[in-house]
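Each remark here refers to the structure printed beneath this line.
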Amino acid sequence: MDNDTVNRGEDAVLRRSDDGYRALVESAADAIVSADAQGRIVSWNAAAERLFGYPAGNVIGRPLTILIPEGQREAHERGLDRFLASGAARLMGRHVDLEAVRADGSVFPVELSLSTWTTDGRRFFSAIVRDITERRRTHERLARQALHDPLTGLPNRALVLDRIGQALARCERRDSSVAVLFFDVDRFKVVNDSLGHGAGDALLVLIVERLQSLLRPGDTMSRLGGDEFVVVCEEVFDIDQARHLARRLSGAFAAPFVLGEREMFATASLGIALGRPPAATPESLMRDADAAMYWAKERGRSRYEVFDEDMRAQVLRRLDTEHAMPRALERNEFRILYQPIVSLDTGTMTGVEALVRWEHPDHGLISPAEFVPIAEDNGLIVPLGSWVLRQAMEQAAEWHSQHPARADLHVTVNLSARQLQDPGLPFAVATAIDELDLDPSSVTLEITESVLMHDRDVSLARLLDLKFLGVRLAIDDFGTGYSSLAYLQRFPLDVLKVDKAFVDGVALGPEESALASAIIRLGHTLHLRTVAEGVESPEQVAHLRRLGCQEAQGFLWAQPLPPSEITACLDPGYFAA
Ligand code: C2E
Ligand code: CA
Ligand code: CA
């Protein structure tokens with residue numbers, strides 16, 4: 001379409017050149033600047049004076065480019081030529097954003113709305129000029145918010161993925177790899193829950209400051225949300241270099257953090273993935289570093305793990321396990337094995353410890369060390385634990401009735417933290433004892449030292465209720481949980497189980513056996529029966545006997561066995577031979 005036709009309205013207006021039109025332009029809130037085809041300013045309103053700081057008399061007749069920052073003038077001249085040559089069709093009615101310069105030299109962003117007209121065969125154009133400093137600032141702030149975490153100001157996930165992408169692109173030239181380090185603060189929820197979110201946020205900010213002080217100039221740190229952070233490092237040439245980085249960044253957690261009056265230690269679990277294109281993508285590196293971090297958590301937190309392909313399989317298996325567990329109980333996939341506990345005096349099996357196994361249809365027999373912690377997390381330990389308890393008690397009742405001479409056989413069941421918290425536990429035990437007509441003193445419930453000490457008041461209340469029923473109580477894994485002896489004395493315990501870690505040292509020499517010896521003596525002082533765990537050699541037996549330990553269990557006598565194989569062990573002379 002012919003431009004002259006399009007703009008005939010304005011054309012007519014200008015041609016009329018009436019005072020009304022001039023007044024309109026003059027009083028407009030927006031700066032309006034007109035120029036001729038050579039780019040010389042022909043009109044300049046009051047708002048333009050205010051905006052640029054030039055009175056009309058200083059600019060009329062001068063080139064438009066005085067309004068453009070020096071470095072950009074040439075480009076604008078070319079643009080102006082094109083604009084005029086094209087008949088202005090391309091830019092007509094469009095908004096153009098560019099930089100302008102004021103009389104005092106300050107540069108600011110503007111938006112131009114262009115129009116053009118012809119009068120007496122001469123071409124003119126004008127621009128409504130708006131200062132968009134404020135708009136741009138808002139825009140930048142919003143864009144920044146979208147790409148940065150508001151608490152720490154760090155790049156967020158979207159931006160860090162972009163940065164990893166850029167780093168990967170540079171890898172090809174440098175023949176190096178990109179390392180992604182994924183941090184997760186350990187037990188951060190505890191801080192939030194106990195000290196409040198304000199304290200949690202303050203801790204995160206302190207952690208970020210520490211980490212940032214350890215970064216190299218080219219490294220990028222990002223907060224993914226919550227207590228998860230990512231550090232991206234370029235120019236990493238091998239895995240040792242990545243490990244070195246991990247160790248250095250872990251140093252951020254060595255000193256305590258000061259939160260107001262409080263000093264606290266925090267730790268983090270850290271996963272590392274290393275890669276270069278084409279195999280590695282931003283997403284794959286993040287996913288692998290995340291998996292490695294997950295694995296570091298699984299392996300006890302406050303450590304780092306480097307991703308490898310086996311790890312993916314392990315993580316998948318773990319997730320699989322977690323997913324399949326709720327149905328395993330319904331499908332009856334759990335089994336209980338019983339490990340004989342033997343009197344060190346007579347060699348007779350005095351009891352058995354019930355140890356649960358999961359017979360997974362695809363993965364075979366899974367150890368409780370693998371699934372009990374998961375069951376603790378997802379709460380399944382409560383129904384699973386009651387099932388084990390009931391099952392083991394039924395089994396004991398069956399042995400007692402089938403072998404009346406061995407009605408003294410004990411059955412020992414492990415209790416988890418969650419079970420101990422359950423106020424319904426004593427009632428469930430009482431009901432089972434009643435229904436099965438069991439002698440309550442033939443049931444021993446084991447609680448690990450750390451569980452017992454965790455919530456001492458609850459533990460004590462629950463233990464007193466259980467004790468009242470007549471069952472025996474054992475403290476398990478003793479020596480690993482830093483008990484307060486004063487508290488230990490208040491718990492109504494009957495048995496102390498010496499952890500395998502101490503039993504292992506017993507035959508090695510006087511120094512190594514000192515702890516086992518101290519623990520057994522403590523048992524005597526507190527009038528507890530001592531049971532050694534994980535006994536594997538006759539030398540250990542000799543020493544344990546000498547130290548006055550009364551009972552033991554371990555591979556030396558038997559592994560955990562199915563109930564059918566326990567029957568043979570009931571004979572008092574079975575292990576003595
Ligand atoms: P725990 O209660 O300390 O059980 C002793 C563990 O040591 C058992 O491992 C047993 O098989 C193993 N063990 C026994 N003798 C020896 C030996 O001579 N050498 C070695 N190396 N190991 C020996 P298991 O059956 O894998 O159970 C591991 C842990 O899982 C148990 O440690 C217990 O804390 C937990 N657990 C097992 N069953 C249950 C359950 O029904 N409920 C709960 N809450 N936890 C359970
Ligand atoms: Ca145990
Ligand atoms: Ca134990």
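We count ligands from 1, going down the list as the structure has it; atoms in each ligand are counted the same way. Note that the coordinates shown come from a computational prediction; the quantities given were computed from them, not determined experimentally.
- Contact annotation: for I336 versus ligand 1, there are no heavy atoms closer than 4.0 Å.
- Polar contact check, F555 against ligand 1: a nitrogen or oxygen pair lies under 3.5 Å apart.
- Contact annotation: for V535 versus ligand 1, heavy atoms closer than 4.0 Å belong to the backbone alone.
- In terms of protein heavy atoms, atom 11 (O) of ligand 1 is closest to P560 CG, 3.4 Å.
- Atom 5 (C) of ligand 1 has as its closest protein heavy atom E533 OE2, 4.1 Å.
- Taking backbone and side chain together, T412 holds no N, O or S atom under 3.0 Å from the Ca ion (ligand 2).
- At the shortest separation from atom 8 (C) of ligand 1 among protein heavy atoms lies L355 CD1, 3.8 Å.
- Contact annotation for R357 and ligand 1: only side-chain heavy atoms (C-beta onward) come within less than 4.0 Å of the ligand.
- Residue-to-ligand polar distances place V356 within reach of ligand 1: an N/O pair is separated by less than 3.5 Å.
- Within the coordination shell of the Ca ion (ligand 2), defined by N, O or S atoms under 3.0 Å, E533 is absent.
- The closest approach between K497 and ligand 1 stays at or above 4.0 Å for every heavy atom of the residue.
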Next on the checklist: Using side-chain hydrogen bond (donor to acceptor under 3.5 Å, both in side chains), reason through E333 and W358 one step at a time and then give a plain yes or no.
Outcome noted: CA-CA 6 Å; E333 290 172 1; W358 178 4; 2.9 Å; yes
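- Here K500 has side-chain heavy atoms under 4.0 Å from ligand 1, and that is the only part of it that gets that close.
- Taking 4.5 Å as the limit, every side-chain heavy atom of L270 sits out of range of all side-chain heavy atoms of R303.
- Salt bridge status for E370 with R317: present, with a side-chain N to carboxylate O gap under 4.0 Å.
- Residue D477 does not count as close to the Ca ion (ligand 2), with no N, O or S atom under 3.0 Å.
- Among protein heavy atoms, the minimum distance from atom 19 (N) of ligand 1 is reached at E536 OE2, 2.5 Å.
- The shortest heavy-atom distance from Q553 to ligand 1 is not under 4.0 Å.
- The closest protein non-hydrogen atom to atom 15 (N) of ligand 1 is Q339 NE2, 3.0 Å.
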